Structure formats: C-alpha cells, structure tokens
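Below you'll find the structure, written out as structure tokens, and then a few comments.
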Amino acid sequence: EVQLVESGGGLVQAGGSLRLSCAASGFTVDDYFIGWFRQAPGKEREGVSCINMSDGSSYYKQFVKGRFTISSDNAKNTVYLQMNSLKPEDTAVYYCAALRTYYGRSYCLNSGAMNYWGKGTLVTVYS
C-alpha cells in the first residue's frame, strides 16, 4: 500500500522555524520526485518545493527561496522541509506528494500531476 505520511506541523510565532517530515512507503522512492505543497484557507493548493529522490536535485517556488530547504534521507524514505523565518502567510495545510520522475521536473510542483498524496499537516504562524 502506497503511503505518504506528513508530520511536524504546529503553531509557531512569526520568525520561527519548523521542520516537516514526509515518510514514504509502498513504492520505490528513487523513481520519484517528492514535493511539498500547501493550501491556505480559501486558496488553491500550491507547490512549494520538490526533490528528485534519485539525484537529490531540488527546486523551489520563488516565495520560499532562501527560507525553506528541502532534503531527503533515502535510507529512511523520508523527505524533510526545513522552514525558517516563517511568516503568517505561510499558514496552511502542508502536503507531500510523489510524481514519477519520467514525467520531468517541470511537473514536480504541479498539483494536478502528482501520483500520490499524503493527508497533510497543519502549520499555523502567528504574529
């Protein structure tokens, strides 16, 4: 059974940090991109960052560059999102999702393209 399980969300003051984890199972992660997405109340789901699990190359949306870092531990089938300098506008449910690498990296932050999804973890940033 394919599973993506997010953890690490919570309540944090603006300027603070959180590290999210995404534990994958039931598929060969080396064949996938794993990405982080988020959905704020009343807004569409948007891509944040993704990583190619076979070579570690990573990609970010502009609005998180310099603040968020994606990384992976392939031995644990786990992807992390280190979030620093958090802002109230980062408040959202954060999801991880997986996409087969043969679709190409241009799709790894496209929510409509992803093959598998986790159920999300809530991040709330207060000022």
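These numbers were taken from a predicted model, which means no experiment stands behind them.
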**OP:** Enter the distance from N84:CG to L86:CG here, rounded to the nearest 0.5 Å.
**Re:** 7.0 Å
Original post:
Can V2 be reached from M114 by stepping across I, L, V, M, F, W or Y side chains whose heavy atoms are under 4.5 Å apart?
Top reply: no
Original post:
Do you see a donor-acceptor pair shorter than 3.5 Å between the side chains of T78 and D73?
Top reply: no
Subject >> Whether N74 side chain and S54 backbone form a donor-acceptor pair below 3.5 Å >> reply: no
**OP:** Output the distance between atom CD1 (I51) and atom OG (S58), rounded to the nearest 0.5 Å.
**Re:** 5.5 Å
**OP:** Rounded to the nearest 0.5 Å, what's the gap from CD on Q3 to OG on S25? Could you check?
**Re:** 4.5 Å
**OP:** Evaluate the ring planes of Y95 and W117, with Trp represented by its six-membered ring, and classify them as parallel (under 30°), tilted (30 to 60°) or perpendicular (over 60°).
**Re:** perpendicular
**OP:** Test V48 against K61 for side chain to side chain contact (heavy atoms under 4.5 Å, CB included), laying out the working first.
**Re:** CA-CA 5 Å; V48 174; K61 283 291 186 70; 5.7 Å; no
Original post:
Between the side chain of E6 and the main-chain N/O of K119, is any donor-acceptor distance below 3.5 Å?
Top reply: yes
**OP:** Consider only side-chain N and O atoms of Y59 and S57, and report whether a donor and an acceptor are under 3.5 Å apart.
**Re:** yes
Original post:
Looking only at heavy atoms, what is the nearest atom pair of G47 and F63, with distance?
Top reply: O-CZ, 3.5 Å
**OP:** Run the ring-centre check on F68 versus Y60 and record whether the distance is less than 6.0 Å.
**Re:** no
**OP:** Determine the minimum heavy-atom distance between A24 and L4, stating which atoms define it.
**Re:** CB-CD2, 3.6 Å
Subject >> Least distance between heavy atoms, A14 atom then S127 atom >> reply: CB-CA, 4.2 Å
Original post:
Just by distance, with hydrogens left out, do D30 and T28 show a side-chain donor and acceptor under 3.5 Å apart?
Top reply: no
Original post:
So, for F37 and Y94, is the gap between ring centers shorter than 6.0 Å?
Top reply: no
Original post:
Rounded to the nearest 0.5 Å, how far apart are OG of S111 and CG of L99?
Top reply: 11.5 Å
Subject >> Stepwise salt bridge (Lys or Arg N to Asp or Glu O under 4.0 Å) test for E46 and R38 >> reply: CA-CA 5 Å; E46 61 181 355; R38 69 186 187 184; 2.8 Å; yes
**OP:** State, to 0.1 Å, how close G120 and V93 come at their nearest heavy-atom pair, and which atoms those are.
**Re:** CA-CG1, 3.9 Å
Original post:
Which distance, rounded to the nearest 0.5 Å, do you find between the CZ of F33 and the CD1 of I70?
Top reply: 11.0 Å
Original post:
Near Y107 OH, under 6.0 Å, is it more than 12 heavy atoms from other residues, nucleotides or ligands?
Top reply: no
Original post:
Going by heavy atoms in the side chains, are T121 and L20 under 4.5 Å from each other?
Top reply: yes
Original post:
Can you check whether T124 reaches V12 side chain to side chain, under 4.5 Å on heavy atoms?
Top reply: no
**OP:** Flag yes if more than 12 heavy atoms outside E89 fall under 6.0 Å of its CD atom; otherwise flag no.
**Re:** yes
Original post:
Taking the side chain as C-beta and beyond, is there a heavy-atom pair between W36 and V79 under 4.5 Å?
Top reply: yes
**OP:** Quick one: list whatever passes salt bridge (charged side-chain N to carboxylate O under 4.0 Å, His left out) with R19, sequence neighbours left out.
**Re:** none
**OP:** Examine distances only and state if a side-chain atom of T91 and a backbone atom of V125 form a donor-acceptor pair shorter than 3.5 Å.
**Re:** yes
Subject >> cation_pi(R100, Y32) dist<6.0 Å, angle<=45 >> reply: yes
Original post:
Do N52 and R105 come close enough that some side-chain heavy atom pair is under 4.5 Å?
Top reply: no
Subject >> Residue pair D90 / M83, side-chain heavy-atom distance below 4.5 Å >> reply: no
**OP:** Measure the spacing between OG of S17 and CD of Q82 and express it to the nearest 0.5 Å.
**Re:** 5.5 Å
